[in-house]
Amino acid sequence: MHYSKVKSAVLSGFDVLEVDVEADLNTRSVRQDLEIVGLGDTAIKESKKRVISAIKNSGFEMPHGYITVNLAPGDVKKEGTLLDLPIAISILMAAGKIEIRGEWLLIGELGLDGTIRRVDGALPIMISKKGKAVIPRENIPEVSLTRGEGIYAADNLRTAVSIISGEREFKEISFKDFKIEAKYDLDFSEVRGQEIAKRALEIAASGFHNVLMKGPPGSGKTMLARRFPTILPEMTFDEILESTKIYSIAGLLDGKPITSRPFRTPHHSASLASIVGGGNNAKPGEVTLAHNGVIFMDELPEFRRDVLEALRQPLEDGVITVSRIKETHTYPARFILIASQNPCACGWFGVEDGVHHCTCTIPQIERYNKKISGPIEDRIDIFIDVPKVDYDKYTSMKPSESSSKIRERVMEAAEIQMKRAGKLNGKMNALEVTKFCKLGPKEEEFFKNAAKKLGLTARTMEKILKVSRTIADLSKSEKIEISHIAEAMQYRKRAFSI
């Protein structure tokens with residue numbers, strides 16, 4: 001037999017592409033060589049040397065003749081080192097050195113000595129697989145989340161051959177049950193004062209709402225933002241699986257599943273590709289890595305304009321579409337945006353403490369604040385003023401409320417929302433807002449007058465209704481009352497002033 005075919009898979013953006021690895025051995029050819037075709041990237045082309053050395057150092061004899069390996073389909077670009085193992089197996093099969101029992105899906109990078117190293121994206125590939133599979137042993141922690149059957153792990157090429165040829169019995173990977181326990185080194189009890197900001201962040205955590213904090217340097221914006229994940233509800237198993245899948249594709253797993261909500265903090269100098277994803281290897285960006293968690297953008301006006309405008313789609317739809325010349329990829333990007341900014345470029349506009357003085361002109365202040373466009377502002381639910389903390393509050397011995405106490409209320413409100421709509425208020429679409437955010441006659445009249453007076457857009461009105469519904473849920477009120485709407489309106493004042 002001089003022809004063979006085995007199954008493998010590669011990642012195409014966020015999708016899994018099944019690949020047929022075919023090998024043809026021409027023993028009559030004078031030329032002794034191995035050629036790999038099928039639109040592979042540099043890493044795949046370099047696998048030629050890794051595969052030849054791995055076969056020889058694993059105790060097998062490299063077949064004599066001209067070997068052609070084809071990666072089908074041939075019109076789709078393939079990236080990464082995970083095709084090393086199936087290429088080696090297909091060559092040994094074509095040479096008649098081994099036989100496979102049944103159909104197997106194989107992934108793994110080969111070392112020159114025949115060891116099998118971990119690869120990125122093993123989890124999504126195993127989720128989509130059919131039949132049995134062999135993976136690198138180092139990928140076991142993430143793959144054990146799949147609850148799939150027929151998955152085996154190998155340390156080296158010789159062991160992989162023993163598994164697929166049935167030389168002896170091997171134990172398949174079993175589902176590993178684990179305790180969902182998020183651990184944090186920070187706590188809201190460490191924040192002195194800023195009770196209004198804490199209240200607003202509690203509302204944001206309860207209903208999955210986006211927040212922009214505005215205040216002078218040193219007022220505690222970053223401190224509040226870094227403690228925000230500590231009051232979010234614990235991740236569900238589906239969220240853990242989804243986030244672990246994303247980090248597996250990005251190559252950022254440290255061998256453990258993602259059990260704490262992601263908290264991403266990109267610098268304001270970050271490029272568009274690093275924020276939204278894509279690039280030469282089509283990897284997820286910061287907005288996708290923050291999926292099911294939080295992205296904190298400090299000094300929001302300092303981010304590039306194209307980066308800010310690219311946030312429109314994920315903030316509205318929960319996904320980000322990255323288009324390139326030959327391909328388009330869509331990544332999940334449902335996150336809570338926590339952003340912060342100073343009131344002006346120097347940071348001291350509006351601060352009257354006798355020490356700090358704003359050095360900006362009115363046109364400079366307006367220009368600084370207009371860096372955040374209207375459409376982006378419309379996608380933010382809550383605006384918070386974070387004033388400078390005075391000495392008495394900073395040195396107060398009165399203990400602040402802990403994150404665990406706040407999280408209890410957040411989880412109660414979240415449970416109410418899940419029972420009512422199957423999702424948190426911030427994730428509701430227009431039809432669901434109409435259904436679940438109904439107002440009584442008095443409340444509707446109040447909201448109508450406020451909307452006309454302030455010239456609210458349709459999106460802003462929808463945001464206010466969602467936040468009002470969350471405030472009502474925190475109050476354990478079945479109906480939205482005027483006080484809930486009034487509080488939600490207070491969190492929109494950034495949109496009505498400098």
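Numbering starts at 1 and runs along the sequence shown. Atoms considered below: every heavy atom in the structure, side chains included; atoms not considered: hydrogens, waters and symmetry mates.
- A side-chain N or O of Thr230 and one of Ser403 form a donor-acceptor pair less than 3.5 Å apart.
- Using a 4.5 Å cut-off on side-chain heavy atoms (C-beta onward), Gln341 and Asn369 make contact.
- The pair Glu481-Lys479 fails the salt-bridge criterion, with no side-chain N (NZ, NE, NH1 or NH2) lying under 4.0 Å from an Asp/Glu carboxylate O.
- With a 4.5 Å cut-off on side-chain heavy atoms, Val467 and Ile203 count as touching.
- Between Phe296 and Phe263, the ring-plane angle classifies as parallel under the 30° and 60° cut-offs.
- In this structure, Ile338 CD1 and Ile384 CD1 are separated by 7.0 Å, a value rounded to the nearest 0.5 Å.
- A salt bridge links Arg409 to Glu202: at least one charged side-chain nitrogen sits closer than 4.0 Å to a carboxylate oxygen.
- At least one side-chain heavy atom of Phe335 sits under 4.5 Å from a side-chain heavy atom of Val287.
- The structure places CG of Leu212 at 5.0 Å from CD1 of Ile372, a figure rounded to the nearest 0.5 Å.
- Here Glu309 pairs with Arg305 in a salt bridge; the nearest charged N to carboxylate O distance falls below 4.0 Å.
- Formation of a donor-acceptor pair under 3.5 Å by the Ser475 side chain with backbone atoms of Ser477 is not found in this model.
- Within the 4.5 Å cutoff, no side-chain heavy atoms of Tyr152 are placed close to those of Ile173.
- Residues Ser373 and Leu308 fail the side-chain proximity criterion, which asks for heavy atoms closer than 4.5 Å.
- When each of Val119, Thr81, Val134 is tested with Ile107 by the rule side-chain contact (heavy atoms from CB on, under 4.5 Å), just one qualifies, namely Val119.
- Counting only heavy atoms from C-beta outward, the side chains of Ile464 and Tyr491 never approach each other to under 4.5 Å.
- Looking at heavy atoms from C-beta onward, Pro124 lies in side-chain contact with Leu11 at the 4.5 angstrom threshold.
- A donor-acceptor distance shorter than 3.5 angstrom exists from the side chain of Tyr247 to the backbone of Leu289, with no hydrogens or angles considered.
- Looking only at atom types and distance, the side chain of Thr244 has no donor-acceptor partner in the side chain of Glu142 under 3.5 Å away.
- Within a 6.0 Å sphere centred on CD of Glu149, heavy atoms belonging to other residues, nucleotides or ligands number 12 at most.
- Closest approach of Ser8 and Leu106 over heavy atoms only: OG-O, 2.7 Å.
- Atom CD1 of Ile196 sits in a sparse spot, with 12 or fewer heavy atoms from other residues, nucleotides or ligands closer than 6.0 Å.
- Annotation: side chain of Val10 is not in contact with side chain of Glu18 (no heavy-atom distance under 4.5 Å).
- In this structure, a donor-acceptor pair under 3.5 Å is present between the side chains of Asn425 and Arg420.
- Using a 30° and 60° split on the angle between ring planes, Trp348 and His356 fall in the parallel class, below 30°.
- To the nearest 0.5 Å, atoms NE2 (His267) and CE (Met297) are separated by 11.5 Å.
- In this structure, Asn210 CG and Ile382 CD1 are separated by 9.0 Å, a value rounded to the nearest 0.5 Å.
- Of all non-hydrogen atoms in Ile471 and Ala488, the two that sit nearest each other are CD1-N, 3.8 Å.
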Under 3.5 Å, which donor-acceptor pairs do the side chains of residues 437-457 form with other protein atoms, sequence neighbours left out?
| residue | atom | partner | partner atom | Å |
| --- | --- | --- | --- | --- |
| Glu443 | OE1 | Gly440 | N | 3.4 |
| Asn449 | ND2 | Glu445 | O | 3.2 |
| Thr457 | OG1 | Asp378 | OD2 | 3.1 |
| Thr457 | OG1 | Thr460 | N | 3.1 |
| Thr457 | OG1 | Thr460 | OG1 | 2.8 |

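- In this structure, CZ on Arg459 lies 12.5 Å from CD on Glu377, to the nearest 0.5 angstrom.
- Counted by atom type alone, Asp187 and Ser402 present zero donor-acceptor pairs between their side chains at under 3.5 Å.
- Between the side chains of Glu286 and Ser274, no donor N or O sits under 3.5 Å from an acceptor N or O.
- Judged purely by distance below 3.5 Å, without hydrogens or angles, the side chains of His291 and Ser243 never pair a donor atom with an acceptor atom.
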